[in-house]
Amino acid sequence: MGVTESVRIFLAAEHESYPVRAGTTGVVNAPGYGITSRYTPLNVQLPGGDPSLSIGTNHVVQSSWNPVGGFTDVYSNNVWSLLRDRDQVRNPHSADLLGSRSVLVSVETGGPDGRLYVPPGAMTWDPEEHAWSAVGPGKQAISKVVFDLRLGDWHHGVPMDINDVLFPITFNIEHHVMHNHEEILDSDPHATLYSSGRLVAVEVIDGDTIGLYVNYWYFDEDEIVAKAGIWPFLPWEMYHAMDQTVHAGEADWYSSVARAHSGNWLDMLDADDVALVRGHMSDLRNSGSNSIPDFLYDTRDAAYVNARYDAAMSWMDGKGHAVISNGPFYLSDLIERDADGVITSMMLKQFDDPTYPFGAGHWGAFADFKPLSGDVAIGSLAPVTGNAYRYGEETRAASDLAVSHFNEYLDQRGEMWSLKTIHIDTETDPAAALAGLVTLDRQNIKLVNGPVIDIITQNVLDYANTNDMVLVSCCSSSPANTIPGDALFRMLPDQRVHAAEIVRLMTAHPDIDLKHVVPVGIDNPWATELLGVARGGFEARGVTFSEIITYDVNYVQGGGFVAGAEMAAAAEALADEVRRAAGQSGAPNVAVLYVGFGEGPLFLKAAASHDVLDDVRWFGADQNTASPNISDDPESAAFASAVSFTAVQPSVPDNFLTREVRTHLAEGSIEPSPYSSYVYDAVWVLGLAILDAQSSDPVDVIQHIKPAAMRHVGAIGSTELNENGDLESGIYQAWLFSEDGQWSRYYPDPPGAEPSSKRTCR
């Protein structure tokens, strides 16, 4: 009864490793790290917009701060990670490799068993001659990685340059090679600035682009990229002056060496060490011609070198420390110590410099992270009915296969989400396509695979742009849709590349001395724009280009295309123009350039009724290439053979993915075109962007489209996109309709048609 009726007070003690002030947003709670990763200070927002963030920790530093053998405790590294950037970083939630200050251009590998030849002009550091030298012929490496470097200013305002980037290479080699009884640069021959990844050579492509050749291979090419990268944390002159301090025996890089020597562990925060480093820098500054170090790749004059020294000494004088780096924050002079000299607090300030590449919110996708789960729906816009129905059937089949494969990939990664496709029939009708896109938007499905054809794209793009939607199109290529920064990403180059290939084929053809081109095609923006672009190419080569002849076509659902009066009239107009051109230039010097869709066999039959039209060569564009309809219709096939009909289409490599796509479509009785592979890769690029963003929000996903496309290698090979969001490069192939009534390759794939060993996700 006493217990039942007594007054009881219960106390609960909560143990929280990482307490955060109430109302704080932007916290990055990463697996394995909690909130202590650098992304929390980069993203956190305090209540009321308070600009001052206080971070409490057991210690501020416990080890020496130096870039070679320091930063051996977690507390120092927590601060140091905010003061310097890395070349590559990892997603704190998935550990996927992400570009930071080094943007991946390409990675090639001959591994595990093959080798790549290193260009003879590529450079390496010669420790015997103390100079950069060419590797010469015959040098090989396992892998090559090319980076675009995001250079900017150091914290003290001096611009970074290639000398800063390459200094770690000279440092590593100088400290690992004995120089024929010469005195080596440093008393510690094992000092190292970075994991060199068995570096073979470096190719300086321009002031901010480098190729690195390494003897390293791993099945996950992320690891090759991570192993190859180099990036400096301090300016070269700071490394150099500190190394002089160590070489003079006044300090040591490593704590173990310092203990063995009963000496000093070099520390960029220690006032005495800073004075030593500054003194050596002053000596270098005042050494006349010797002030220019021999390790500089881009040799400069004394004015450049001395300006570097002066700026660094001014920083040390003003701040009282030697920490000059390139990260989002810099270390101010507000460093407090207790009576024993132990640092108790540091003030970091935002590096508000216009050259710094990452603005506010750049890493915001990592904040308040909630992993994706369940189905992530994407739309698919394709014409299953209407006169482009054949491409719609192909698109759906290739898209469904890609979704299936991508979901297998997600499952292998242990992801908790999967892709789901909502198919919309655009009916080959711009109005129906727009209505379908609006339907997807109202269902909050803002990520779309498609549209397939340009006439649809042009009608839906404004809506997508104004309603935060993302379109990844396999086959749109109209120059009118080449718009940087819009919602459309295209897995083809724009038609200027296609037109250039057509012009190249026709003007260099060995069987015709081309003087005059007569163009004809369906009255459709894709066809007329392609012919219009080609006109400029021909005229630049002195070839006459007639006015474009167009026709319309009727399509009956279930009954196919119907030749109308316009098609017959176009064939007659074509005959008249060819007759006129032949009279001027001679029939052997005249060619027809025909651009049509699935109605092509009907137009060829209409043309066959005019004798003059089989007196000249015919050329065409991709939509007519390898069309099954021409070979299936005897009259069309006979005419195509008589005029040696030759057409140009995008080429896809013969790899396991393209074979799998073709097999899958054939099982569904669908005749595959090369575009099925482009559809397949469009789905993968969209899926990878969702994966990287860990979000289906289009505002997040759109930021990851280009990086995902850059590292992916799929059915078409490299899927890298240019600044306009179009495929960076495309390989085209000519096909000839031969006498046996079948399509065959007119000439072999040009160099580069096979995919390079770039990044792959499968």
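Heavy atoms only: backbone and side chains are in, while hydrogens, waters and symmetry mates are out. When a residue number appears, it is its place in the shown sequence, counting from 1. All values reported here derive from a predicted model rather than from experimental measurement.
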What residues form a side-chain hydrogen bond (donor to acceptor under 3.5 Å, both in side chains) with [X], not counting sequence neighbours?
X	answer
Arg496	Asp494
Ser102	none
Thr646	Arg617

Exercise. Does the pair Val470 and Lys446 meet the rule for a side chain to side chain contact (heavy atoms under 4.5 Å, CB included), with working shown?
Worked result: CA-CA 6 Å; Val470 177; Lys446 291 179 171 287; over 6 Å; no

Hey, is the main chain of [Y] close enough, under 3.5 Å, to the side chain of [X] for a donor-acceptor pair?
X	Y	result
Thr40	Ile35	yes
Asn655	Ala715	yes
Asp429	Ala431	yes
Ser373	Met416	no
Arg150	Val103	no
Thr385	Thr428	no
Asn467	Met469	no
Asn407	Leu419	yes
Gln45	Gly26	no
Glu566	Asp552	yes

Would you give the length of the straight line joining atom [atom1] of [X] to atom [atom2] of [Y], rounded to the nearest 0.5 angstrom?
X	Y	atom1	atom2	answer
Ile549	Tyr594	CD1	OH	12.5 Å
Phe489	Leu686	CZ	CG	10.0 Å
Gln495	Ile502	CD	CD1	8.5 Å
Leu665	Leu401	CG	CG	8.0 Å
Leu488	Gln458	CG	CD	10.5 Å
Gln694	His93	CD	NE2	8.0 Å

For this session: Can you tell me which residue pairs pass the salt bridge (Lys or Arg N to Asp or Glu O under 4.0 Å) test with a partner in residues 684-699, sequence neighbours excluded?
Result: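 Listed by first then second residue: Asp692-Arg711.
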
Problem set entry | Closest heavy-atom pair and its distance - Ala621, Ala647 | O-CB, 3.7 Å

For this session: Over all heavy atoms of both residues, which pair between Ala433 and Leu381 is shortest? Give the atoms and the distance, please.
Result: O-CD2, 4.5 Å

Side-chain contact, heavy-atom cut-off 4.5 Å: [X] with [Y]?
X	Y	result
Val661	Val652	no
Pro328	Arg38	yes
Val89	Trp363	yes
Phe358	Asp85	yes
Val452	Glu394	no
Leu727	Ile716	yes

Exercise. What side chain to side chain donor-acceptor pair (under 3.5 Å) pairs are there with at least one residue in residues 699-709, not counting sequence neighbours?
Worked result: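 Passing the test, one end in residues 699-709: Ser695-Asp700.
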
Exercise. Where does the angle between the aromatic ring planes of His712 and Trp684 fall among parallel (under 30°), tilted (30 to 60°) and perpendicular (over 60°)?
Worked result: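 Geometry flag for Trp684 against His712: parallel rings.
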
Exercise. Is the His498 ring parallel, tilted or perpendicular to the Tyr732 ring (thresholds 30°, 60°)?
Worked result: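 Rings of His498 and Tyr732: parallel, under 30°.
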
For this session: Run the numbers on Asn449 and Thr421 for side chain to side chain contact (heavy atoms under 4.5 Å, CB included), then give the verdict.
Result: CA-CA 9 Å; Asn449 171 29; Thr421 304; over 6 Å; no

Exercise. Side chains of Thr482 and Arg490: do they bring a donor and an acceptor to under 3.5 Å?
Worked result: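 Yes, a side-chain donor-acceptor pair sits under 3.5 Å.
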
Exercise. Side chains of His664 and Asp400: do they bring a donor and an acceptor to under 3.5 Å?
Worked result: no

Problem set entry | Listed partners of Arg662 passing salt bridge (Lys or Arg N to Asp or Glu O under 4.0 Å), at least two apart |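 With sequence neighbours excluded, Arg662 shows a salt bridge (Lys or Arg N to Asp or Glu O under 4.0 Å) to Asp654, given in chain and number order.
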
Exercise. Is Arg86 atom CZ crowded by more than 12 heavy atoms from other residues, nucleotides or ligands, each under 6.0 Å away?
Worked result: no

Exercise. Considering residues, nucleotides and ligands other than Tyr463, do more than 12 of their heavy atoms fall under 6.0 Å from its OH?
Worked result: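 Yes, OH of Tyr463 has more than 12 neighbouring heavy atoms, counting only those of other groups under 6.0 Å.
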
Exercise. Under the side chain to side chain contact (heavy atoms under 4.5 Å, CB included) criterion, do Asp96 and Arg413 qualify, and how do the steps go?
Worked result: CA-CA 11 Å; Asp96 288 334; Arg413 288 176 52 97; 3.0 Å; yes

For this session: Evaluate side chain to side chain contact (heavy atoms under 4.5 Å, CB included) for Thr658 paired with Tyr680, printing each intermediate quantity in order.
Result: CA-CA 9 Å; Thr658 55; Tyr680 181 93; over 6 Å; no

Problem set entry | Asp425/Arg396 ion pair, N-O < 4.0 Å |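 Judged by the 4.0 Å cut-off on N to carboxylate O distance, Asp425 and Arg396 do not form a salt bridge.
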
